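Have a look at the structure below before the remarks.
These numbers come from a predicted model, not from an experiment. Residue numbers start from 1 in every chain, and the chains themselves are labelled A, B, ... in the order their sequence lines are given, proteins ahead of strands.
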Number of protein chains: 2
Amino acid sequence: MQPFEQPEYERRLERTKDRMREEGIETLFVTDPANMNYLAGYDGWSFYVHQGLIVSLDHDQPVWVGRQMDANGARATVWIDHDNIRPYSDDHVQSPVGKHPMDFVARVIEEMGRGDTHVGVEMDAYYYTAKSHQRLQRELPEATFSDATLLVSWVRVVKSNREIELIEQATQLSEAAMQAGIDAMGEGVPESTVAAEIYHTLIAGTEAFGGDYPAIVPLMPSGEHTGTPHLTWSDEPFSDGDPVIVELAGCRHRYHSPLARTAVVGGVPDEMKRVSEVVVEGLNAALDRAEPGVTCEEVELAWRESIARHGIEKEDRIGYSMGLGYPPDWGEHTASLRPGDETVLKENMTFHMIPGIWTDELGVEISESFRVTANGAERFSSFPQKVFPV
Amino acid sequence: MQPFEQPEYERRLERTKDRMREEGIETLFVTDPANMNYLAGYDGWSFYVHQGLIVSLDHDQPVWVGRQMDANGARATVWIDHDNIRPYSDDHVQSPVGKHPMDFVARVIEEMGRGDTHVGVEMDAYYYTAKSHQRLQRELPEATFSDATLLVSWVRVVKSNREIELIEQATQLSEAAMQAGIDAMGEGVPESTVAAEIYHTLIAGTEAFGGDYPAIVPLMPSGEHTGTPHLTWSDEPFSDGDPVIVELAGCRHRYHSPLARTAVVGGVPDEMKRVSEVVVEGLNAALDRAEPGVTCEEVELAWRESIARHGIEKEDRIGYSMGLGYPPDWGEHTASLRPGDETVLKENMTFHMIPGIWTDELGVEISESFRVTANGAERFSSFPQKVFPV
C-alpha cells in the first residue's frame with residue numbers, strides 16, 4: 001500500500017538521524033502526522049488520539065506508538081517490522097482513570113533503553129499537547145528534553161522525484177476541481193453547491209487515479225468576505241457582482257498542489273482586471289526570480305518591487321514550502337517567501353506562492369505551486385492566470 | 001451569520017464562569033476551536049495557527065486573539081464587541097525572528113489586568129501545544145496555572161433545543177450521504193468514487209440547506225481492512241464479497257450527526273446476517289437502557305449483557321458524547337459509554353453509540369446517534385438497522 005519504495009523511507013530516516021546527531025538528540029519523539037507518514041509510511045485518521053514515532057540513533061527502525069484500535073492500520077501502512085508497532089490499551093483514551101498515552105510512550109522509550117537520553121520533542125507541532133509534554137517529562141525523569149519541532153520538517157523540504165510525481169498528480173486534481181468550481185458558480189447558486197462540486201472532483205479524481213482528502217477544506221470567501229481568507233462556505237447564494245476567491249488543493253497520497261484563483265459573478269469589472277494584471281505581473285516576477293542559490297526573501301522582494309511600480313506598497317508572506325500534509329495544514333512551516341527568510345532555494349524544493357492585493361472595494365488572489373529546478377521555478381499547474389467571469 | 005441568538009451565547013458564558021468559580025479559575029484561556037465557537041460563535045479554518053479566547057470573571061465578554069488575517073473572519077462571525085477582537089501581527093506566524101503568538105496572548109491578559117490571576121488552560125486540547133504552554137507560563141510569571149481541558153466541554157454536554165435542531169438537520173445530511181454511498185458502491189467501483197459521492201451529498205445538502213465539512217472525513221474500511229477503523233479510502237476498486245464499514249456525519253453549523261452502517265459487495269452472507277442481528281439487538285438493548293438518571297456505564301452494560309446471551313464477551317467503549325466539532329474530531333471527550341464512566345444521563349445529552357463485533361473473518365458495525373429525552377433515548381436517524389447488500 002505504500003506510495004514509496006522502502007529505500008526511500010530508509011534514506012529519509014538516515015537524513016533524520018544525521019540531523020539528530022547535529023543537534024545532539026539521541027531519541028526523537030515525532031507526533032506531527034505528516035512527519036509520521038514521511039518516516040514510517042503511517043497513514044490514517046487517528047491523530048485525534050495521541051500517537052507518535054520514536055526514532056532512536058541506536059535502533060534501525062522507528063517504533064510506532066498508537067491506540068490499540070489503530071495497530072491494524074499501522075500494520076497495513078508502515079514499512080517497519082510489526083514488532084515495532086506498540087499499541088496502548090483503550091483505557092488511555094480520554095481516560096476516566098487518569099491514564100495518559102504518554103505514560104505508555106515513556107515505558108516504551110525506557111524498554112528501548114533510551115530513558116536516560118537526550119530526547120527531542122516537537123514542542124510546537126500539531127497534536128503534541130501541553131499535557132503530553134508534562135506527562136512525558138514526568139515519566140522520564142532521567143531524560144533531558146529539547147525542542148525538535150521542525151527537525152523532520154526540514155528534512156522534508158527537498159523532494160524526491162517520486163514526491164514530485166505525486167504533486168504533479170495532485171495538480172491534475174486541483175485543476176479539474178478549480179474548473180468544476182468555476183463551472184458551477186453563478187448568480188443564485190448556493191456556495192455549498194459549488195463546494196460540493198469541488199469536493200466531488202477532488203476525490204473522484206481522474207480516469208487514472210482518485211484523490212485523497214486535502215489537509216485544508218476548499219476555501220471560497222466571496223462578496224464582502226473576500227477579506228476573510230479562512231471563512232468556509234455557507235449555503236447562501238452568490239449574488240451578481242460578487243467576487244469569489246477559491247483556494248483548494250488536490251491531494252494524492254497526502255501530497256498537495258494548492259491553487260488559488262479569483263472569479264466574479266456576472267463579469268469582471270475593469271478595476272478588477274487592472275488589479276489582477278498587477279498581481280499576475282508580480283507573481284510571475286517572483287517566479288522568475290526563484291532559482292537555486294536565491295533566498296526566499298529575494299523571491300518576495302521581486303514581487304514587492306513589481307507591485308511598487310504600480311504604486312502599491314505592502315510587505316507580506318507571499319508563500320511557503322508545501323507538500324505532504326494532514327489537517328489542519330498542507331504548509332510545512334519551514335521556509336517562507338517573506339522578508340527576513342534567508343533560506344537558500346535548492347532544486348526540488350516546492351512552494352505555494354499566493355500573493356494578493358486588496359483595496360477597500362475588492363481583493364484579487366492568484367497563486368501558483370511551483371518546484372525549484374536547475375532552470376528556475378517550474379509551475380505545477382498551467383491553469384490560466386486571470387480573474388474568471390462566472 | 002450566527003446560528004444562535006446572542007442570549008444563548010451569554011448563557012453559555014455564564015455557565016462557563018460558574019464552572020470557573022467552582023474550580024477557582026479567574027481567567028480561562030480557551031484554544032479548542034469547538035469551545036471557541038461555542039462561547040463566541042467564532043468559525044473559520046484558522047486553527048492551523050495559534051488562536052484562543054480569554055474568558056475573565058471580571059470581564060463581561062470573552063476576548064478573541066488570533067492572526068491579523070483572521071480578524072475580519074472574527075468580525076464576521078462572533079457576537080462579542082469588535083473591541084474584544086485582538087489580532088497579532090503576521091511575524092508571529094511560524095516566526096523566523098522568534099516571536100510566538102503566546103507572547104501576544106500574555107500581553108493581552110496583562111492589559112486586562114489578569115496577569116497575576118489563576119489561569120486555566122486546556123492542557124490536553126487540540127492545538128494547545130507544549131510550546132504554547134511553555135511560552136505562556138514564561139510570559140506570565142505572576143500567574144498560576146491549572147488544567148482546564150474539559151471545563152467548557154462539560155458545559156457543552158447538555159444541548160439546547162436549537163442545538164438539537166441543528167443535529168436533526170445534520171441527520172438529514174447523514175442519511176442522504178449514507179444512501180448515496182450505498183447506491184454508489186459495487187464490484188469494480190473505486191473507493192474514491194464512493195467517497196466522492198458521499199462528500200457531494202454531505203455538502204450539497206437538501207433543498208432547504210447545505211452542509212458543512214465534517215470534523216472527520218467519511219471512513220470506509222473495506223475487505224480485509226474492516227478491522228482498521230481509521231484507514232481512509234484508496235482508489236482501489238471494491239471486490240465481490242468485500243464487507244465495507246461506512247462511518248460518516250452530516251454537519252450543520254459545525255453540529256454533527258454521526259452514523260455507521262455495514263455493507264457487503266455482492267450479497268450478505270448468512271454468518272454476517274447472524275452477527276448483524278446480534279449487533280442490532282445489543283444496540284437497541286443499550287438504547288432502551290438510556291434515560292435520565294442512568295449512568296453511562298449502565299448503558300454499556302446493557303449492550304454487553306445482550307451480546308453475552310449470544311456467547312460473545314467483550315468490553316469496549318461503545319459510544320461518546322458528540323455535537324459541535326472541528327477537525328480532527330466530532331467527539332466531545334467528556335462522557336463515554338464504557339465501564340467505569342459514572343456520568344449520569346440528563347435530558348438533551350447527545351451521544352454516538354457505535355458498537356461492533358469482529359470475528360476472525362468479518363466485522364459488523366451499526367451505530368446510532370441519539371438524544372436523551374424524558375422518555376428515554378431518541379434516535380436521530382431512522383436509517384434501517386441492517387447490513388446492506390450492494
Quick one, A:Tyr48 and B:His230 - any side-chain contact, counting heavy atoms below 4.5 Å? yes
Side chain / backbone / both / neither for B:Gln134 at chain A, heavy atoms under 4.5 Å: side chain
Quick one: what part of B:Ser95 sits under 4.5 Å from any heavy atom of chain A, side chain, backbone, both or neither? backbone
Options A:Asn72, A:Val194, A:Asp147, ranked by heavy-atom pairs under 4.5 Å with chain B, top entry: A:Asn72
Please round to the nearest 0.5 Å and tell me the distance separating atom CG of B:Leu231 and atom OG of A:Ser46. 9.0 Å
B:Arg254 versus chain A, heavy atoms under 4.5 Å apart: side chain, backbone, both or neither? neither
Is the A:Tyr199 ring parallel, tilted or perpendicular to the B:Tyr199 ring (thresholds 30°, 60°)? parallel
Contacting region of B:Ala125 [heavy-atom separation from chain A under 4.5 Å]: backbone
Counting heavy-atom pairs closer than 4.5 Å to chain B, which one of A:Asp341, A:Thr343, A:Ile198, A:Asp212 comes out on top? A:Asp212
Using atom types as modelled and distance alone, determine if a side-chain donor or acceptor of B:Trp45 lies under 3.5 Å from a backbone N or O of A:Pro328. yes
Nearest 0.5 angstrom please: A:Ile203 CD1 to B:Thr232 OG1, how far? 10.0 Å
Do the non-hydrogen side-chain atoms of B:Lys131 and A:His133 ever get within less than 4.5 Å of each other? no
Salt-bridge criterion met for A:Asp124 and B:Arg135 (N-O under 4.0 Å): no
Where does A:Leu219 contact chain B at under 4.5 Å (heavy atoms): side chain, backbone, both or neither? side chain
Contacting region of B:Ala71 [heavy-atom separation from chain A under 4.5 Å]: neither
Correct closest heavy-atom pair for B:Met69 and A:Pro229 would be CG-CG, 3.2 Å
Any heavy-atom pair between the side chains of A:Gln94 and B:Asp329 that's under 4.5 Å? yes
I'd like to know which of B:Asp90, B:Asp316, B:Val217, B:Thr228 tops the heavy-atom pair count under 4.5 Å against chain A. B:Val217
Between B:Thr193, B:Leu150, B:Asp235, B:Thr334, who has the most heavy-atom pairs with chain A when the cutoff is under 4.5 Å? B:Asp235
Selection from A:Gly227, A:Ser132, A:Ala195 maximising heavy-atom pairs under 4.5 Å formed with chain B: A:Gly227
Is it the side chain or the backbone of B:Arg75 that comes within 4.5 Å of chain A heavy atoms, both, or neither? neither
